[in-house]
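This chain uses plain numbering: 1 for the first residue, then up along the sequence.
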Amino acid sequence: MPPSMTESSANKLINGDVCHRTANGKKSSGRNGFVKNHCLFQQPQQKKYRRPSEKNNYVHNASLYNKPFVEQFEETPLFVAVLTYVGYGILTIFGYLRDFLRNWGIEKCHLARERDEQKDFVPLYQDFENFYTRNLYMRIRDNWNRPICSVPGAKMDLVERTSKDYNWTFEHTGKVVKDVINMGSYNYLGFAENTGRCADSATGSTHKYGVGVGSTRSEMGNLDIHEELEQLVARFLGVESSMAFGMGFATNSMNIPALAGKGCLILSDELNHASLVLGARLSGATIRVFKHNNMVSLEKLLRDAIVHGQPRTHRPWKKILILVEGIYSMEGSIVRLPEVIALKKHYKAYLYLDEAHSIGALGPRGGGVVDYFGLDPKDVDIMMGTFTKSFGAAGGYIGGKRELIDYLRSHSHSSIYATAMSPPVSQQIITSMKIIMGEDDTTLGAERLKQLSENTVYFRRKLREMGFIIYGNDDSPVVPMMLYMPAKIGAFGREMVKRNIGTVVVGFPATPIIESRARFCVSAAHTRDMLDTALEAISEVGDVLQLKYSRHHHFPSSLGPWSSAESLLLEPSHVKPSCHITN
């Protein structure tokens, strides 16, 4: 038994506060909000200025981190939270009123509903999500599922459409909106393109192999190009072996059940992707959820699992599997991987890392969050990722020890029953990965990695300076900007399209009901002019919709390169206030 397990609760916490974001986004103290780091990760007192109204995550443990780790989750202003609840309350009241009118035939209901002959059956559709779809989602449905008729690169073309029945159905007008700046696609390194080396190699692969395989890998669908891809992925990740799958979602949902089962314990981050959640549920293992990126919460679950064992019998768990993501796609946060690895080693657990958004987008070599922190890939037991983001393709992979991959080849449903990956998709991945690794005898990969990093820092800094509340890590290319109020979800998306900017707006159930947001995805393909155009449109719409909720202080441009936080450290005599001359 680890020695720290016998420590009293009074000795668990030490000085060196680190802020962790709570599930409901509220600021509090102790167990419900800001928590102190456990003694395994002792940290010195924070010396840099920290605004008390923000929830910033600072980590300064040199033994675990090789670079500053800063994440910001600014607290929701009270009046905005109140107005958001009031807005949803009004919509809910009117929703029940409209349901009453539909029930009496006064208003027509276009959504699926029970037939009269099934009125005595248990209803299939009467749940809150269906109520939300009928009365709230339909009001802003025009912001989603827009048809694109071009490559979803830095710019794209949208098919114009209209609705005559309040978004229940749509009609195409026959017009195309040209050159819309794409701020929503996961095109991190700009490989979503129809010209260049990737497109040419994929075309050549199509001529050689065709488009489809028509069989599973275990039967007649194992091509030499698949073998080449898996060897390249293993070399890129720095692991012994890897395995590729045709669908990213199924890589999680169909492989986790092969790794865990009854008598096993899965510890899952509360903000994990639906594919991880589904895979954990299908496995039949016991699932326990820890607070997002909260190492105190994770360690408590690990400690309790080892001390108490399985329910009723108290037998030891067969295995304990920790599920985390590299970049969380709705929060823009990066996993505290050094601390997670330290905990998993200390408590002899296994670690499953989903790098869907981080592979190719983080790290000096594009190797994901492991590369970003400069860690040893062997410390991660199961390395999972997808080819749909940074590589401009489709599918996913799992990397690890050779014994693990050999086991999955014969036990994974996604391997045994799914059709093998399409050859042109495989070739797209191979070519783009070699460019990232620099094996194409060019510096294009390094240039794109650098450009993505610079664009990310620039875009985040500008949004923050404008006064918007944005979430996540400063190095994350996923940039959530808070909208909060339900009416502003649809209004923001529509106004941005009017200005030729394509964005993604997100609300319940993808986010908590009062944390609606716009999510921007920065790409290496974006030029500085494109980003400035998008920022100008965002600022303009933000002024119209009053979205600049941040409490950051703004200082005159005469302060030069100083940030607002650095300026607050100066003596008042060093800062000249701006002058306003009035008649």
Student: Test salt bridge (Lys or Arg N to Asp or Glu O under 4.0 Å) on K344 and D381; report intermediate values, then the result.
Tutor: CA-CA 10 Å; K344 84 102 180 176; D381 301 289; 3.1 Å; yes
Student: Determine all donor-acceptor pairs shorter than 3.5 Å in which one atom belongs to a side chain in residues 414-424; sequence neighbours excluded.
Tutor:
from : atom 1 : to   : atom 2 : distance (Å)
S415 : OG     : R409 : O      : 3.3
S422 : OG     : V211 : O      : 2.6

Student: Between R161 (side chain) and P147 (backbone), is there a donor-acceptor pair under 3.5 Å?
Tutor: no
Student: Sequence neighbours left out, what passes side chain to side chain contact (heavy atoms under 4.5 Å, CB included) with M530? Give chain and number order.
Tutor: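 M530 satisfies side chain to side chain contact (heavy atoms under 4.5 Å, CB included) with A154, K155, I181, H526, T527 once adjacent residues are dropped.
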Student: State, without any angle test, whether E355 and S358 hold a side-chain donor-acceptor pair at a distance under 3.5 Å.
Tutor: yes
Student: Apply side chain to side chain contact (heavy atoms under 4.5 Å, CB included) to K175 and list each qualifying residue two or more places apart in sequence or on a separate chain.
Tutor: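 In terms of side chain to side chain contact (heavy atoms under 4.5 Å, CB included), with neighbours along the sequence ignored, K175 is linked to E160, T173.
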Student: Please check if the distance between the ring centroids of F459 and F520 is under 6.0 Å.
Tutor: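 Judged by ring-centre distance (under 6.0 Å), F459 and F520 do meet the cut-off.
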Student: Report yes or no: do Y328 and N473 form a side-chain donor-acceptor pair below 3.5 Å?
Tutor: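 On atom types as modelled, these side chains do not qualify, holding no pair under 3.5 Å.
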Student: Please check if any side-chain donor atom of Y372 sits under 3.5 Å from a side-chain acceptor atom of D475, or the reverse.
Tutor: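 Yes, D475 and Y372 have a side-chain donor paired with an acceptor closer than 3.5 Å.
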Student: Will you find, in the side chains of Q428 and S432, an N or O donor that is under 3.5 Å from an N or O acceptor?
Tutor: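 S432 and Q428 do not have a side-chain donor-acceptor pair below 3.5 Å.
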Student: Among side-chain atoms of S185 and N182, is any donor-acceptor pair under 3.5 angstrom?
Tutor: yes
Student: Side chains of N252 and D354: is there a donor and an acceptor less than 3.5 Å apart?
Tutor: yes
Student: Quiz question: by atom type and distance under 3.5 Å, do the side chains of R217 and N222 form a donor-acceptor pair?
Tutor: yes
Student: Cation-pi between R517 and Y471: NZ/CZ under 6.0 Å from ring centre and within 45° of the ring axis?
Tutor: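 No cation-pi geometry.
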Student: Do S163 and D165 have side-chain atoms, one donor and one acceptor, less than 3.5 Å apart?
Tutor: yes
Student: For the residue pair S333 / H292, report whether a side-chain donor-acceptor contact shorter than 3.5 Å exists.
Tutor: yes
Student: Does the side chain of V233 reach to within under 4.5 Å of the side chain of F387, using non-hydrogen atoms?
Tutor: yes
Student: Tell me the closest heavy-atom pair linking V522 and L452, and the distance in Å.
Tutor: O-CD1, 3.4 Å
Student: So, K434 and E228, do they make that salt bridge, N to O below 4.0 Å?
Tutor: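 Judged by the 4.0 Å cut-off on N to carboxylate O distance, K434 and E228 do form a salt bridge.
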Student: Could you tell me whether a side-chain N or O of R448 sits under 3.5 Å from a main-chain N or O of I435, the two making a donor and an acceptor?
Tutor: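 Flag not set: sc R448 to bb I435 has no pair under 3.5 Å.
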Student: Measure the spacing between CG of D474 and OG1 of T456 and express it to the nearest 0.5 Å.
Tutor: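 Reported value, rounded in 0.5 Å steps: 10.5 Å.
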Student: Charged N to carboxylate O below 4.0 Å: is that the case for K450 and E447?
Tutor: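 No, K450 and E447 are not salt-bridged.
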Student: Is there a donor in the side chain of Y209 and an acceptor in the side chain of Q427, or the other way round, less than 3.5 Å apart?
Tutor: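 On atom types as modelled, these side chains do not qualify, holding no pair under 3.5 Å.
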